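The next block holds one structure in the form of structure tokens; read it before the comments.
Computed from a predicted model, the values in this text were never measured in an experiment. First listed ligand is number 1; within each ligand, the first listed atom is number 1.
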Amino acid sequence: MSRRRVAAGNWKMNKTAGETRTLIRDLGNKLKGIEHGCEVLVCPPFVALETAVDAAKGTVIEVGAQNASWQKSGALTGEVSPEMLEYLGVTHVILGHSERRSIFGETDETVNARLRHVLSGSLVPIVCVGEGLADRESDRTGDVVRGQLRGSLAEVPADQADRLILAYEPVWAIGTGRTASPEMAAEVHALIRGEIAAIFGDSVAEGMRVLYGGSVKPENAAELLNEDEIDGVLVGGASLDASSFAAIIAAVG
Ligand code: PGA
């Protein structure tokens, strides 16, 4: 089964609505000159999403959010529901990013609650997993990643799981300039696919896109994407510049 590759930009807390319009316009112009078959996605901050959807009209660029609530509405100060995002024309949402987990106290349980509610609607969730440096150095990568998958994906029915995208982002590689080697990443991607097969069955596992994230740059994207197991990239810093993200998209193909 062939899996359509994805080039996703996680803008984190960067770019005002005005800057978002400019960056999407610049990226859209650059992509006109690139032959690519992959999905292209940008994930700006909540307050820039409406502008982003508007700016992306007529381009191949899709727009995702960086989180979504486990509830449609209610007394949850500071939260945004998937229904609100769908209304804006947003198509994807990142869940369980390591910064949400480490800085804002997200756990596998909260990620799971968000995921299950997102799957009741139409957004495509991108669920992030990845080990910390101490886990990697003590040879616990497999256990940690498998545990995050089991917890974050608990009670998701197999017929909804085929919509899911996963992102493997080793925490020690995010924003640090240290990238996992292509072999290291591919090994964990294979482990993730094996765990997905154990949870949801072979055919879901075979079709699931597993992205790599963590200091992906134009200089290292091509060698990462040489690995069959790597179905695309989730890019932070290097997605904030139209030229560098366009170069990465070209490498994704
Ligand atoms: P980075 O971020 O590319 O800046 O390392 C990746 C991410 O956090 O998704």
Side-chain angles (χ1 to χ4, degrees), residues 5-15 19-20 23 27 38-46 48-49 52 61-68 90-106 111 114-115 123-133 135-136 141 144-145 148-149 152 164-182 184-186 188-189 192 209-225 227 230-252:
R5 286 180 158 186
V6 182
N10 172 13
W11 292 6
K12 310 191 178 184
M13 197 177 72
N14 293 289
K15 307 293 177 187
E19 291 164 345
T20 294
L23 178 49
L27 182 63
C38 67
E39 264 186 67
V40 178
L41 176 72
V42 297
C43 303
F46 286 125
L49 288 173
I61 302 166
E62 298 176 293
V63 177
Q66 298 172 19
N67 202 4
V90 168
T91 52
H92 293 64
V93 62
I94 298 170
L95 296 175
H97 186 276
S98 70
E99 285 149 19
R100 298 297 320 168
R101 291 175 186 266
S102 67
I103 307 173
F104 300 101
E106 294 260 0
V111 174
R114 292 177 193 281
L115 174 65
L123 295 180
V124 175
I126 302 174
V127 175
C128 304
V129 295
E131 82 287 3
L133 187 58
D135 304 321
R136 164 76 48 185
T141 299
V144 168
V145 169
Q148 288 173 333
L149 288 171
S152 306
L164 205 78
I165 297 175
L166 294 176
Y168 167 56
E169 300 204 302
V171 177
W172 48 269
I174 294 178
T176 58
R178 286 181 65 183
T179 327
S181 69
M184 244 178 187
V188 182
H189 281 229
I192 289 173
R209 274 94 54 90
V210 185
L211 316 185
Y212 170 78
S215 296
V216 176
K217 307 274 180 256
E219 299 74 38
N220 59 23
E223 58 166 6
L224 285 162
L225 287 149
E227 298 289 339
I230 301 182
D231 302 311
V233 286
L234 181 54
V235 187
S239 71
L240 296 172
D241 173 84
S243 299
S244 72
F245 195 39
I248 292 170
I249 293 164
V252 175

### Message
Would A238 count as a contact residue for ligand 1, given that I'm defining contact as a non-hydrogen atom of the residue lying under 4.0 Å from a ligand atom?
### Response
no

### Task
Quick one: look at N10 and ligand 1, take heavy-atom pairs under 4.0 Å, and tell me if it's side chain, backbone, both or neither.
side chain

### Summary
Rounded to the nearest 0.5 angstrom, the NZ-CD1 distance for K217 and I248 is 7.5 Å

### Query
Among the heavy atoms of K12, does any lie under 4.0 Å from an atom of ligand 1?
yes

### Message
What's the separation between atom CG in L234 and atom CD in E169, rounded to the nearest 0.5 Å?
### Response
4.5 Å

### Task
Would you mind checking which non-hydrogen protein atom is closest to atom 6 (C) of ligand 1, with the distance to 0.1 Å?
G236 N, 3.5 Å

### Task
Name the closest protein heavy atom to atom 4 (O) of ligand 1, giving the residue it belongs to and the distance to 0.1 Å.
G237 N, 2.9 Å

### Query
What residue and atom, counting heavy atoms only, is the protein's closest point to atom 9 (O) of ligand 1, and at what distance?
E169 OE2, 2.7 Å

### Query
About how many Å separate CG of D231 and CG of L166, when rounded to the nearest 0.5 Å?
10.0 Å

### Query
Between the main-chain N or O of A173 and the side-chain N or O of S215, is there a donor-acceptor pair closer than 3.5 Å?
yes

### Query
Taking R5 for the side chain and L225 for the main chain, is one N or O donor matched with an acceptor at less than 3.5 Å?
yes

### Ligand-side contact atoms (ligand 1) for residue partner G214, heavy atom cut-off under 4.0 Å
5 (O)

### Query
At a 4.0 Å threshold, what atoms of ligand 1 neighbour a non-hydrogen atom of H97?
7 (C), 8 (O), 9 (O)

### Task
Keeping the roles fixed (side chain from S239, backbone from G236), state whether a donor-acceptor pair exists under 3.5 Å.
yes

### Task
Give the numbers and elements of all ligand 1 atoms closer than 4.0 Å to a heavy atom of S215.
1 (P), 3 (O), 5 (O)

### Query
So, Q148 side chain and G130 main chain: donor-acceptor pair closer than 3.5 Å or not?
yes

### Query
Should G175 be counted as touching ligand 1, given the test is an N or O pair under 3.5 Å?
yes

